[in-house]
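The structure under discussion appears below in the form of structure tokens.
Just so you know, these numbers use all the heavy atoms, side chains as well, and skip hydrogens, waters and symmetry mates.
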Amino acid sequence: MASDRSEVPLHHYVPQFLLRGFADENDQLRATSRGDLRDSHITAVRRAAAERGFYRIPTEELTPESRLGHDPESIEKSLAEIEARASDDIRVIVAGKSPYTQDLHYRMATLVAMQLTRSPRFRSDYVGVANLAARALLDEKLTDDRLRRHLLDHGRSARHEDVSRFRKEVLEGDYKLVPSVTHLVQETLKFGIVTLSPLMFSRTPRILRFSEPLLLTSDVGAAPWSPYDPTPWSNGITNAHSIFMPLNRVTALALTIGGSPSDQVVQPIWATHSNFALANAAERWIYQHPDDNHLGHIELPQLSHDRWGRR
């Protein structure tokens, strides 16, 4: 029997220690809807960028031989251990009291890679790409003879126009792959750790410091950006010039392509770039300190929707 949803733990897809860098003394944030920037409210850090059972792997989704001793919260517990170490690292970075070593860079690269792949947005994009790939494969495999046999096997008319109509229905209709929660949890995190982490480590780390509070964050926690592009939000993770992960209102980590490592106070334009990247990439919510209004300084594109229901 399925458990009461209210009893399932709340899992954060942006760690609370990152969110607190944008909260007031009462652990409160201003949340603004990505879909309607006029819609905002005050929320608690413990409720922001979170969903019940987001990393939970239900026992019933496992093969029988894997169920004995299984803890549905094992992924969340593992993430909590990683985040505890990352929280200490980020306190060191923000305070500027220790050098940015190779070991620290490795851990930050892993944190950024995980942050890029652990959000609801990445999951929905993952499902969307899977469905596009499935449709492309079907397009090659669905010969007229196969479609005709399927229609006849199900007692349906199989004239030429029926076959053409059925092909369009399959390739352009509402049919879609719906991966299990277990598959999404395992594959998206594996992609972050195995595939993206080495790519993030190969990038140049830059600590961006600002002389006043200029930064915001969102429910993705980290996001790509590229300059000199009329549509900078179109860049993917691997080819983007910079990956921004804001650490608090005055400090951000940027992993860039090329250049030399740096740790310095930078011009406000870099805050504008980071804010655009994080706000535009948000799936649902953009987060700021209750006293801040940095969205007034950037121009976000309207959301459009693709075949799987997002931009």
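A search for ring pair (Phe, Tyr, Trp, His ring centres under 6.0 Å) contacts involving H41 returns W285, not counting sequence neighbours. For R148, the salt bridge (charged side-chain N to carboxylate O under 4.0 Å, His left out) test picks out D145, with sequence neighbours left out. For D153, the salt bridge (charged side-chain N to carboxylate O under 4.0 Å, His left out) criterion is met by no residue, not counting sequence neighbours. Legend: residues meeting side-chain contact (heavy atoms from CB on, under 4.5 Å) with P72, ordered by chain and number and at least two apart, are R56, T59, H70. E25 meets the side-chain contact (heavy atoms from CB on, under 4.5 Å) test with no other residue; sequence neighbours excluded. By the side-chain contact (heavy atoms from CB on, under 4.5 Å) test, R20 pairs with Q16, D27, V45, sequence neighbours left out. Every residue meeting the salt bridge (charged side-chain N to carboxylate O under 4.0 Å, His left out) condition with K77, not counting sequence neighbours, appears here in chain and number order: D71. Partners of Y13 according to the ring pair (Phe, Tyr, Trp, His ring centres under 6.0 Å) rule, which considers only residues two or more places apart in sequence or in another chain, are F54. Every residue meeting the side-chain contact (heavy atoms from CB on, under 4.5 Å) condition with D162, not counting sequence neighbours, appears here in chain and number order: L151, S157, R159, R165. The salt bridge (charged side-chain N to carboxylate O under 4.0 Å, His left out) check on R91 picks up D88, with sequence neighbours excluded.
Only one option out of Q186, H12, R118 pairs with Y55 in a side chain to side chain donor-acceptor pair (under 3.5 Å); it is R118.
Using modelled atom types and a 3.5 Å distance limit, the side chains of N248 and T251 yield a donor-acceptor pair. Residues S197 and T110 have side chains that bring a donor and an acceptor to within less than 3.5 angstrom of each other.
Counting side-chain heavy-atom gaps under 4.5 Å among Ile, Leu, Val, Met, Phe, Trp and Tyr, the cluster of F201 also holds Y106.
Counting only residues at least two apart or in different chains, ring-ring contact (aromatic ring centres under 6.0 Å, His included) contacts with residues 112-139 comprise F122-F191, Y126-H183.
Within a 6.0 Å radius of CZ in R47, other residues, nucleotides and ligands contribute 12 heavy atoms or fewer.
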Set out, in order, the CA-CA distance, both residues' side-chain angles and the distance that settles salt bridge (Lys or Arg N to Asp or Glu O under 4.0 Å) for E51 and R284, then state yes or no. CA-CA 12 Å; E51 186 175 313; R284 302 165 187 164; 3.5 Å; yes
